[in-house]
Every structure is written in structure tokens, then in C-alpha cells.
2 protein chains.
Amino acid sequence: MGTTQLETVQEPKYWHLKTVLAEALDTDFTVGEILPNERDLAARFGVARATLRQALEQLELEGRLQRRRGVGTTVAPPRVGVDVTTSRQDWPGTGHDAWQAAECTVAVPSAAVARLLDTEADEEVHTVRRLRVNHGQPVAAELLYVPSSSVPDLPAIEAPSGPALARSVLRELQRLDLEGQDRAVELGSAGAVDARELDRLPGAPVLVVTTRYFSEGRTAAVSVATYRADTCRLTFGDTGDVEISHEGQQRRAS
Amino acid sequence: MGTTQLETVQEPKYWHLKTVLAEALDTDFTVGEILPNERDLAARFGVARATLRQALEQLELEGRLQRRRGVGTTVAPPRVGVDVTTSRQDWPGTGHDAWQAAECTVAVPSAAVARLLDTEADEEVHTVRRLRVNHGQPVAAELLYVPSSSVPDLPAIEAPSGPALARSVLRELQRLDLEGQDRAVELGSAGAVDARELDRLPGAPVLVVTTRYFSEGRTAAVSVATYRADTCRLTFGDTGDVEISHEGQQRRAS
DNA sequence: GAGTGGTCTAGACCACGTC
DNA sequence: ACGTGGTCTAGACCACTCC
């Protein structure tokens, strides 16, 4: 029978470490509790700090840990379900949703957004910046692009800037009737600006939700929202308050 | 006026590197082209290999690079849009979709899944494993959980195992009428099994799509699908063939 | 066997939050 | 000032692919 394939197929240390830590988190720690610092943990497990950090990074990616420079590593609460559906006939900003602190400028969007909007490459559009807050924590930063043609009745004279303009744009938008929207979700990493607003470091993983709003047979607006991937679970429907634990991410062969 | 805040706010090396590389990718490389190896690149930029790797990891996370051990680093094609909507009245497995190679066992699901299914903690359910293939590449691995009560007419005698059973379960499922579904998307990391099927290393970032299928006022099935986060953009609607480039991920202050 | 990316080490220094 | 996590280095060895 030649060599017996040991089950010890050379599992990387950091992977094993991650598993051990994950179990420890379930049994010995409570949400919010702070872990020993990285140097101590590394020593305790007999590995280099870099190796330990690789395990911690994974756990943070999976939303189980939260690390803050100068503070420490804490056990993260379960991800919050964030509803990403705008009940079919609602423009963004309608009703009681948790978007706030709008800002607005007029600028030329990136080529990618211009393509989605179907505008000229150098055409300026209204660009509304908003922050979505949940339980007091920022969960998403959004950039909403609105071509002038979608809001023709905007008071052109003495265009207010900043929050006032933002509100005007949103108000005008809501006068159009929304015929539909489509959405895409992909993984990205936070740019410097988003990172600051989301209280994360640049490069932090985010879920980028791109939405096109259709009205009168054309694309009336495009929204690019970046959600904190560590703390958010995007929901489409009414799963928002259902608890989905971490177990689903690690499975064994059947 | 005190100190003038230099714009050189101590941007990390790997971050700057990433930016430089990203530009190089846009201008000097074509999709599929292989980059110089990591040792050469590191030397060329005058940084340690670990630092270079940090930059490459980011770019891979953003879907711009593809790295394979023993082979090299290549420029990745744009992410493929993968439609995640099952046209409202379709059970999974219906029609011409790209799922294949079904496998099926009977097992006790994780506590999290049992909760979603609303079954007893130790109740066995049919567990169908499928792979979703797109353009010849595996893009997602799914585990579909179906309580026996959802498929009462399954031929109990001499239960076929494997693919045959899987097909039977799916066929029976499709006889129920689907009343609705809800979906959640979150970031996860691939377990050992999923990683192998998706042709990635364990720990690779994945988008976990959890779907509940409702029929006759109850949860008839639950699907947990893990999509390769590096190569996929999940679409909800008909954005599938629209090109969304990488520019949307990096933005500057307005 | 040669060459690639993946893992790991043992250090150093920096940026940040807190006291 | 101190302790934390974040960045960076210069090596070493391993696992994998391809020839």
C-alpha cells in the first residue's frame, strides 16, 4: 500500500491557528471582550507575530474580530443585516432610511460611471455623497450620480452647495417615477476617503453595491455604495433580523 | 499657521506600490499577460518581497491579478457578472442555468442552517452539493439543504445516492410552488472543500449568498452558495453584460 | 530540477489611542 | 510615556507546476 496519506496534509500554521482561535472565541470569550495583545498571543502559541497576524486577519475578514490600532483586538458582534432593497418604487433618500449627512458637488464621474449613466465622457453630473448609519455606526458610504437631465427643474440660480444642494437633488429625483433598478455586488477595497468615513484603514474590504435607477426608459441615476464587509451582511428581502452565525462559512466534506 | 500639513501623509509603501502597479496594469499590460516574478518585482521597486506581496494581495482582492503557485502572476480579465436572481418562480436547478455535477447526501446541517430551515437541531436533511460553472471556470460551490418534509414523495426505497439522488431531490422540489425567497450576501473565506472545488487556496475570499426558499408558508429549502470574490460580480437584475471597470473602487475627495 | 508563489521567522520601527 | 496594532525588512524553507 505504499505511503499512508496522513491526515496531517501539512496544514499551514496560520490556518490551524485560526481554527483554534475561532473555537476559543466561541467558548471562552464574549462579544466586546478584548484579546491579549499580538505579541503575547504569538508567544503563547509559539509562532512569529506575523504568523499570528495572518490568522487574526482571516478572522477579522470573517467578521469575528475587530482590531483597532492603539487600542487592541476585540471580539466582534455578529454581522448586522443591512437591507439593500429600496422597496421597488422608492428613490434613494425616501422615507425613514438611515442615510445622512448628504453632501453634493458637480463633477465629471469616472469613465465607468459615465458608461452606466450613458452620458458623455466629460459631462458633469451632480454627485451626492451620503453616509449610511446603523446602530450609531457608519456602515456604508455612497456616491450618487445624477445627470442634470434627470433633475431639470433644479433651481439653477444661486446653486446652493453642500447639504442644501444634496437635498434639492434628492427631492427633485423623487418627483420622477422609478420604473426599475438593477444592482450588482462585488468585493472591493476601501479607498482613502471611504476608509476614513467608515472608520477603517485604507484597503479595508468592502462590498461595493452598484445600483442603476431607471426612469422614463433611461438611466436616471447611478449609485455606488461601499459597505463595510467586516460588519455587514447585505440582505435582499426580509432576512434582516435573522441570525446567521459563522458556522456556515466553514464546512467539512460530506 | 503652524506646521504645513504635507500631502505626504506617510502613505504606506505597499499602498503606493499598489497604486503604481495598478496604473502599470492599465497601460503596459494586457489581460492574461504574466508579470515578472515577485523577487524581481520587489528588487525592481526596492522593497522587501513581503511588502510587494501586500500590494499584490490587494490587487488580487480587487480582481485585477491572478496568482497561481508554481505558475506565476497574471493580469486578470474583468470580473464576470453572475446573475444571482432565480427569476422569482424558479426553484434552483430549473432551466438552463449553469449548475452542474450535483451530489447528494443526508446529513445534519449546522445549527445556523437548522435555524434558517426551522428544523430540529439534530434533524437530518437532504444536502445537495453543486458547482456553478461559467465560461468553463467554476465560479461557485453550493450546498442546498432540503428537509424531508419538503420532498415527501421521494422514492424512499433503495434511495439512490450521489448524483441520482440529487436529481431526484431537485425534481421533487420543483413540484412545489415557490412563494418567495430572500437572500443575503456577505464576505467569507473559503473552507478547505470549497477552496478545492473553486480552484483556490483555503482562506480565499468568497461572497456567501444565503437564500431561503418559501413554499406553503414555510421555509422549504435553504441554499448557501459561495462565489469566488476575485472573479465574480453578483448581479441582481439584468446588469450582467455591462462592463464595470475597476475605477469605481478608488475615488478621490470631491 | 528549475522556477514560481506560499509560509514562516525574528527582529525593527512607526502611527495611534489612552492615560 | 506607554501599549496597541500597522508596516517593513532580509532572510529561509516549502509546495506546486512545468519541462
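Chain letters run A, B, ... following the sequence lines, proteins first, then strands; residues in each count from 1. These values consider heavy atoms only, across backbone and side chains, with no hydrogens, waters or symmetry-generated copies.
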All N/O pairs under 3.5 Å across the protein-nucleotides 16-18 of chain C interface:
none

Measure [atom1]/[X] against [atom2]/[N] and give the value in whole Å, please.
| X | N | atom1 | atom2 | answer |
| --- | --- | --- | --- | --- |
| A/Arg49 | C/dT9 | CZ | P | 14 Å |
| B/Gln58 | D/dG6 | CD | P | 13 Å |
| A/Gln54 | C/dC8 | CD | P | 6 Å |
| A/Leu52 | C/dA10 | CG | P | 14 Å |
| A/Tyr14 | C/dT9 | OH | C1' | 16 Å |
| B/Arg67 | C/dG6 | CZ | C1' | 9 Å |
| B/Glu11 | C/dA15 | CD | C1' | 15 Å |
| B/His16 | D/dT7 | NE2 | C1' | 16 Å |

Do side-chain atoms of [X] reach the backbone of [Y] as a donor and acceptor pair under 3.5 angstrom?
| X | Y | answer |
| --- | --- | --- |
| A/Asn134 | A/Gln137 | no |
| B/Arg79 | A/Leu187 | yes |
| B/Thr73 | B/Arg67 | no |
| B/Thr27 | B/Glu23 | yes |
| B/Thr127 | B/Val125 | yes |

Which is true for B/Arg53 with a 4.0 Å heavy-atom rule: it touches a base, it touches only sugar-phosphate, or it touches nothing?
base

Within the 4.0 Å heavy-atom criterion, would you say A/Leu56 contacts the bases, only the backbone, or no part of the nucleic acid?
nothing

Sidechain N-carboxylate O distance under 4.0 Å for B/Asp194, B/Arg228
no

Is any side-chain N of the basic residue among B/Glu142 and B/Arg129 closer than 4.0 Å to the acidic one's carboxylate O?
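Here B/Glu142 does not pair with B/Arg129 in a salt bridge, since their nearest N and O are not under 4.0 Å apart.
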
What class does the angle between the rings of A/Phe236 and B/Phe236 fall in, given that below 30° is parallel, 30 to 60° is tilted and above 60° is perpendicular?
parallel

Residue pair B/Cys232 / B/Val139: nearest heavy atoms and the distance that separates them:
SG-CB, 3.6 Å

Correct closest heavy-atom pair for A/Leu143 and A/Tyr145 would be CD2-OH, 3.4 Å

The helix from C/dG1-D/dC18 to C/dT18-D/dA1: angle between end helix axes, five pairs per end, rounded to 10 degrees
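Overall, the helix from C/dG1-D/dC18 to C/dT18-D/dA1 bends by 10° from one end axis to the other.
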
Between C/dA10, D/dG6, C/dT7, which nucleotide has the shortest distance from any of its atoms to the side chain of A/Ala48?
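Output: C/dA10.
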
Going by atom types alone, do B/Tyr227 and B/Arg132 pair a side-chain donor with an acceptor below 3.5 Å?
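Indeed, the side chains of B/Tyr227 and B/Arg132 share at least one donor-acceptor pair under 3.5 Å.
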
Exercise: do A/Glu33 and A/Thr30 side chains pair donor with acceptor under 3.5 Å:
yes

Examine C/dT7: is either OP1 or OP2 under 4.0 Å from a nitrogen or oxygen in the side chain of A/Thr51? Give yes or no.
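No.
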
Between B/Lys13 and D/dG6, does any side-chain N or O lie under 4.0 Å from OP1 or OP2?
no

For DNA chain D, which residues in residues 32-45 of chain A have a heavy atom at a distance below 4.0 Å?
A/Asn37, A/Glu38, A/Arg39

Toward the 5' end of DNA chain D, by each residue's nearest nucleotide, A/Ala50 or A/Arg68
A/Arg68

